[in-house]
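Read the structure below first, then the notes.
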Amino acid sequence: MNVATNSMLARPEREQDAKPLISLVVPVFNEGPIVRANLAAILEAASGNWYTLELLAVDDGSLDNTADEIALSAQQDERIRPLSFTRNFGKEAAILAGLAHAKGDAAVVLDGDLQHPPELIPQMLALWRQGLYVVEGVKQDRGNETLSQGMFARAFYGLFRRFADLDLRGHSDFKLLDREVIDAYLAFPERHRFFRAIIGWAQYPSAQLPFTVAERNGGTTHWGKLSLMRYAINNITSFSSLPLKLVSYLGLVTLAFGAVIGIMSLVQKFKGQALDGFTTVNLLIVIMGSAILLSLGIIGHYLARLYDEIKGRPPYVIKPPRKVPRK
Ligand code: UDP
Ligand code: MG
């Protein structure tokens, strides 16, 4: 399909009775032993009679036999379209590649380990058919994760809410996107992406569909403690320049403290209680400290501006026209 990136242009209408095509975008990394069965299960559960499916299986540079297994699946089922990365670029990149290659009128992004229940896809599509642009799978509970994982997630979402002003609790990458939204997402120039946050940020007319996180069927999660930490820091800093600006607030606090210490030193000096030279040293430390922090803070503000400009995220997103429900 020829993709019009300007959301104001009407898309060429499909023929009246052609069934819409739905793209399933599934990132997979080192899931060799389970990927074939899982792709088959996803297609089976997602099928419906008023649409056709394609499944983009994006092998994110797996080190095991995942790519071969996907190729085998694709031989058996022509709805499966394999994509393979040269190396592991991460799930965000895999989602982006899948969406970029998707031909559908809508796409559903879901994990390849069946933790995002594919049985919900027909329901998502029914909502889409009624005219919604985004349908978000929202985690009802967080599955059986450990205490430390839960605490980490809470801390991350708390920080994210405060810094980026976006409430992502329960959000996941399990989402349906209309073609309009896919094109808008692909048109974003930013390189580092946080899929669920960007879709949440854009606030297209959407619906939430609660789901329970299933047990992982085989394999283990790919998130180590360190990679989760990196993920958290990257995503918070890609949505907020507040950490950069914090330096100047720190400078103000130091200045206030410094003023108190400075005055106390001077008072002691005039009362003759101060050691020789002590006042000068005290004042110098206080003045230099706050001057440096404040200047860093000012630089931080300019950096933050630069950073926002360079990121190139659009300053607004046009609301797409209200859709008439499909028959
Ligand atoms: N995944 C990926 N690239 C990666 C890590 C994970 O494509 O570098 C895929 C993985 O195969 C799975 C999904 O992303 O389909 C979610 O990963 P995982 O189950 O490890 O994360 P969790 O469910 O524990 O958050
Ligand atoms: Mg998983």
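Each ligand, and each atom within it, is numbered from 1 in the order the structure gives. A quick note: this is a predicted structure, and the numbers were derived from the prediction, not measured.
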- Query: Got a sec: is Gln115 within less than 2.8 Å of the Mg ion (ligand 2) via an N/O/S atom?
  - Reply: yes
- Is Asp111 close enough that one of its N/O/S atoms sits under 2.8 Å from the Mg ion (ligand 2)? no
I need the atoms of ligand 1 closer than 4.0 Å to a non-hydrogen atom of [X], numbered in the order shown.
| X | value |
| --- | --- |
| Glu31 | 10 (C), 11 (O), 12 (C), 15 (O) |
| Arg216 | 18 (P), 19 (O), 20 (O) |
| Asp113 | 19 (O), 23 (O) |
| Gly112 | 15 (O) |
| Gln115 | 19 (O), 23 (O) |
| Trp223 | 21 (O), 22 (P), 24 (O), 25 (O) |
| Val28 | 7 (O), 11 (O) |

Check for a donor-acceptor pair, side chain of [X] on one end and backbone N or O of [Y] on the other, with a separation under 3.5 Å.
| X | Y | answer |
| --- | --- | --- |
| His222 | Phe29 | yes |
| Thr66 | Glu31 | yes |
| Glu54 | Lys103 | yes |
| Ser172 | Lys139 | no |

- Within reach of ligand 1, part of Asp111 (heavy-atom separation under 4.0 Å): both
- Message: Is the contact between Val26 and ligand 1 made by the side chain, the backbone, both, or neither, using heavy atoms and a 4.0 Å cut-off?
- Response: neither
- Query: Does Pro27, backbone or side chain, put an N or O under 3.5 Å from an N or O of ligand 1?
  - Reply: yes
- Query: Does an N or O anywhere in Ala94 fall below 3.5 Å from an N or O of ligand 1?
  - Reply: no
- Task: Give me the ring orientation class for Phe174 and Phe211: parallel if the planes are under 30° apart, tilted from 30 to 60°, perpendicular past 60°.
- Result: perpendicular
- Given Thr221, Asp60, Thr220, which one has a non-hydrogen atom that is nearest to atom 22 (P) of ligand 1? Thr221
- Check: Phe239 ring centroid to Trp201 ring centroid under 6.0 Å: no
- Item | Linked, directly or transitively: Phe194 and Leu244 (ILVMFWY side chains, under 4.5 Å) | no
- Query: Do Met229 and Trp223 share a hydrophobic cluster, counting only Ile, Leu, Val, Met, Phe, Trp and Tyr and linking them when any side-chain heavy atoms are less than 4.5 Å apart?
  - Reply: yes
- Task: Looking only at non-hydrogen atoms, find the nearest pair between Asp60 and Phe89 and report the distance.
- Result: OD1-N, 2.7 Å
- Just need the protein heavy atom nearest to atom 6 (C) of ligand 1, so name the residue and atom and give the distance. His222 ND1, 3.6 Å
